[in-house]
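Keep in mind that the numbers below use all heavy atoms, side chains included, and drop hydrogens, waters and symmetry copies. All of these numbers come straight from a predicted model, not from anything done at the bench.
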Amino acid sequence: MKKLWSWIWRIVGALLLLLLLYQLWIFAHIAWWVKHNPSTSAFMDQRLLMMQSKRPDAELRHQWVPYAKISNNLKRAMIASEDAKFVDHEGFDWEGIQKAYEKNLKKGKIVAGGSTISQQLAKNLFLSTKRTPWRKAEEVLITVMLEQMMTKQRIFEIYLNVIEWGNGVFGAEAAARYYYRVSAAQLSATQAAKLAAMVPNPRYYDQHREARGMLRKTQIILKRMNDAEIP
């Protein structure tokens with residue numbers, strides 16, 4: 001019995017050590033990305049693998065663009081659409097999470113997430129698309145690291161450069177050129193609002209660009225953009 005417990009503690013210790021090393025790996029990446037731009041993300045890598053499983057020569061559309069060269073229209077649209085309290089919270093919008101929980105409870109299924117821009121970035125950079133308790137706990141830890149180590153502007157800059165905007169389309173520059181044939185700096189208010197409206201389901205809206213739900217949300221975002229505070 002003593003040998004059994006000894007082995008159990010060894011296994012537990014080894015697992016804890018692996019978990020600690022994984023957190024240190026994440027910490028090191030975030031520290032590097034404070035000053036250096038990530039060339040890819042976990043989500044981008046997953047999407048590329050899925051695309052290449054169907055078409056081996058498939059490539060992602062992605063081009064990094066500095067924060068100053070992204071239209072303020074898009075910045076305001078994304079804040080208005082995804083995280084109105086972004087500049088004020090410390091990674092989590094507790095009121096938004098509560099509202100999302102109540103909405104999901106009422107509908108009997110998940111229809112709202114309540115995730116902040118920081119949480120979305122944590123998922124995109126490091127985590128899989130599977131919804132598990134472990135992933136949610138890891139998302140919280142990564143979000144705390146991002147908020148403690150990066151400025152709001154840096155978090156937002158990386159976010160705008162790595163989020164998905166269509167089938168294999170990632171980042172503001174690629175999205176602006178793919179949908180409107182302009183640079184991210186040249187996006188109009190209406191174009192920016194429409195791109196922001198696409199974010200919850202970008203691959204679907206890539207194929208259904210005149211979907212009523214997206215067009216309705218575009219108008220809502222346009223009305224809210226002037227009140228959006230950007231970092």
Next on the checklist: Nearest 0.5 Å, please: how far is CG in Leu187 from CZ in Arg177?
Outcome noted: 10.0 Å
Checklist entry - Are Leu125 and Leu141 connected in a single hydrophobic cluster, I mean Ile/Leu/Val/Met/Phe/Trp/Tyr linked by side-chain heavy atoms less than 4.5 Å apart? => result no
Item to check | Spacing of OG1 belonging to Thr40 relative to CG belonging to Asn124, to within rounding of 0.5 Å | outcome: 10.5 Å
Checklist outcome for this item: Smallest heavy-atom separation, Lys217 atom then Pro200 atom, equals NZ-CG, 3.4 Å
Checklist entry - Got a second to check how far Glu157's CD is from Met150's CE, nearest 0.5 Å? => result 9.5 Å
Next on the checklist: Which heavy atom of Phe126 sits nearest to which heavy atom of Ala42, and what is that distance?
Outcome noted: C-CB, 3.6 Å
Item to check | Side chains of Tyr159 and Glu82 in contact at under 4.5 Å (non-hydrogen atoms) | outcome: yes
Checklist entry - Under a single-linkage definition using a 4.5 Å side-chain heavy-atom cutoff for Ile, Leu, Val, Met, Phe, Trp and Tyr, are Leu121 and Val34 assigned to the same hydrophobic cluster? => result yes
Next on the checklist: Run Leu127 and Glu139 through side chain to side chain contact (heavy atoms under 4.5 Å, CB included) and show every step you take.
Outcome noted: CA-CA 8 Å; Leu127 304 176; Glu139 176 193 311; 3.8 Å; yes
Item to check | Residues Leu60, Met51; criterion side chain to side chain contact (heavy atoms under 4.5 Å, CB included); working and verdict | outcome: CA-CA 9 Å; Leu60 300 180; Met51 291 169 63; 3.7 Å; yes
Checklist outcome for this item: Heavy-atom nearest pair, Asn73 first then Ser188, reads ND2-C, 3.5 Å
Checklist entry - Have Thr116 and Asp93 got a donor and an acceptor in their side chains that come within less than 3.5 Å? => result no
Checklist outcome for this item: Looking only at heavy atoms, the pair that brings Ile221 and Ala197 closest together is CD1-N, 3.7 Å
Item to check | More than 12 heavy atoms from other groups under 6.0 Å of CE on Met50 | outcome: no
Checklist entry - Can you find a heavy atom in the side chain of Pro231 that is under 4.5 Å from one in the side chain of Tyr67? => result yes
Next on the checklist: Return the CD1 to CD distance between Ile30 and Gln148, rounded to the nearest 0.5 Å.
Outcome noted: 11.0 Å
Checklist entry - Hey, are the side chains of Lys69 and Ser183 touching, using non-hydrogen atoms and a 4.5 Å cut-off? => result no
Checklist entry - Is Gln119 close to Asp83 at the side-chain level, that is, under 4.5 Å between some pair of heavy atoms? => result no
Item to check | Check: Gln191 and Tyr179 side chains under 4.5 Å, non-hydrogen atoms | outcome: no
Next on the checklist: Can you confirm whether Val87 sits close enough to Ile230 that some side-chain heavy atom of one is under 4.5 Å from a side-chain heavy atom of the other?
Outcome noted: no
Checklist entry - Any chance CD of Gln52 has more than 12 other-residue heavy atoms, nucleotides or ligands included, within less than 6.0 Å? => result yes
Item to check | Step-by-step salt bridge (Lys or Arg N to Asp or Glu O under 4.0 Å) determination, Glu210 to Lys194 | outcome: CA-CA 10 Å; Glu210 300 302 319; Lys194 193 169 183 179; 3.3 Å; yes
Checklist entry - Do Arg47 and Asn167 have side-chain atoms, one donor and one acceptor, less than 3.5 Å apart? => result yes
Checklist entry - Within 45° of the six-membered ring axis of Tyr180 and under 6.0 Å from that ring's centre, is NZ or CZ of Arg209 located there? => result no
Next on the checklist: When you group the ILVMFWY residues by side-chain heavy-atom contacts below 4.5 Å and let the links chain together, are Tyr178 and Val182 in the same group?
Outcome noted: yes
Checklist entry - Is the cationic atom of Lys75 (NZ for Lys, CZ for Arg) positioned less than 6.0 Å from the six-membered ring centroid of Phe156 and within 45 degrees of its normal? => result no
Item to check | Greater than 12 external heavy atoms within 6.0 Å of Phe27's CZ | outcome: no
Checklist entry - When clusters are formed by joining ILVMFWY residues with side-chain heavy atoms under 4.5 Å apart, either directly or through shared neighbours, do Ile117 and Met225 land in the same one? => result no
Checklist outcome for this item: For Leu195 and Ala175, the nearest pair of non-hydrogen atoms, with its separation, is CD2-CB, 4.3 Å
Checklist entry - Are any side-chain N or O atoms of Glu173 and backbone N or O atoms of Ala184, one a donor and one an acceptor, separated by less than 3.5 Å? => result yes
Next on the checklist: Working to the nearest 0.5 angstrom, can you tell me the gap between Ser118 OG and Leu146 CG?
Outcome noted: 6.5 Å
Next on the checklist: Could you check whether any side-chain heavy atom of Ile26 comes within less than 4.5 Å of a side-chain heavy atom of Ile142, counting everything from C-beta outward?
Outcome noted: yes
Checklist entry - Does one hydrophobic cluster hold both Leu222 and Ile220, with members joined at side-chain heavy-atom distances below 4.5 Å? => result no
Checklist entry - How many angstroms lie between CG in Leu15 and CG in Leu19, if you round to the nearest 0.5 Å? => result 8.5 Å
Checklist entry - Where do Ser115 and Lys123 land on the side chain to side chain contact (heavy atoms under 4.5 Å, CB included) test, with the steps shown first? => result CA-CA 10 Å; Ser115 293; Lys123 286 183 285 189; 3.4 Å; yes
Next on the checklist: Looking at every non-hydrogen atom in both residues, tell me the closest pair between His36 and Arg154 and how far apart they are.
Outcome noted: O-NH2, 2.8 Å
Checklist entry - Do Glu147 and His89 have side-chain heavy atoms sitting under 4.5 Å apart? => result yes
Checklist entry - Looking just at side-chain N and O atoms, do Gln23 and Glu138 make a donor-acceptor pair shorter than 3.5 Å? => result yes
Checklist entry - Only one of Leu160, Asn161, Asn37 forms a side-chain contact (heavy atoms from CB on, under 4.5 Å) with Val65, so which one is it? => result Asn161
Next on the checklist: Going by the rule ring pair (Phe, Tyr, Trp, His ring centres under 6.0 Å), which residues pair with His29 if we only count those two or more places apart in sequence or in a different chain?
Outcome noted: Trp25, Trp33
Checklist entry - Short question: side chain of Thr143, backbone of Gly91 - any donor-acceptor pair under 3.5 Å? => result no
Checklist entry - What do the steps show when you test Val199 against Trp165 for side chain to side chain contact (heavy atoms under 4.5 Å, CB included), and what is the final call? => result CA-CA 6 Å; Val199 168; Trp165 249 306; 3.6 Å; yes
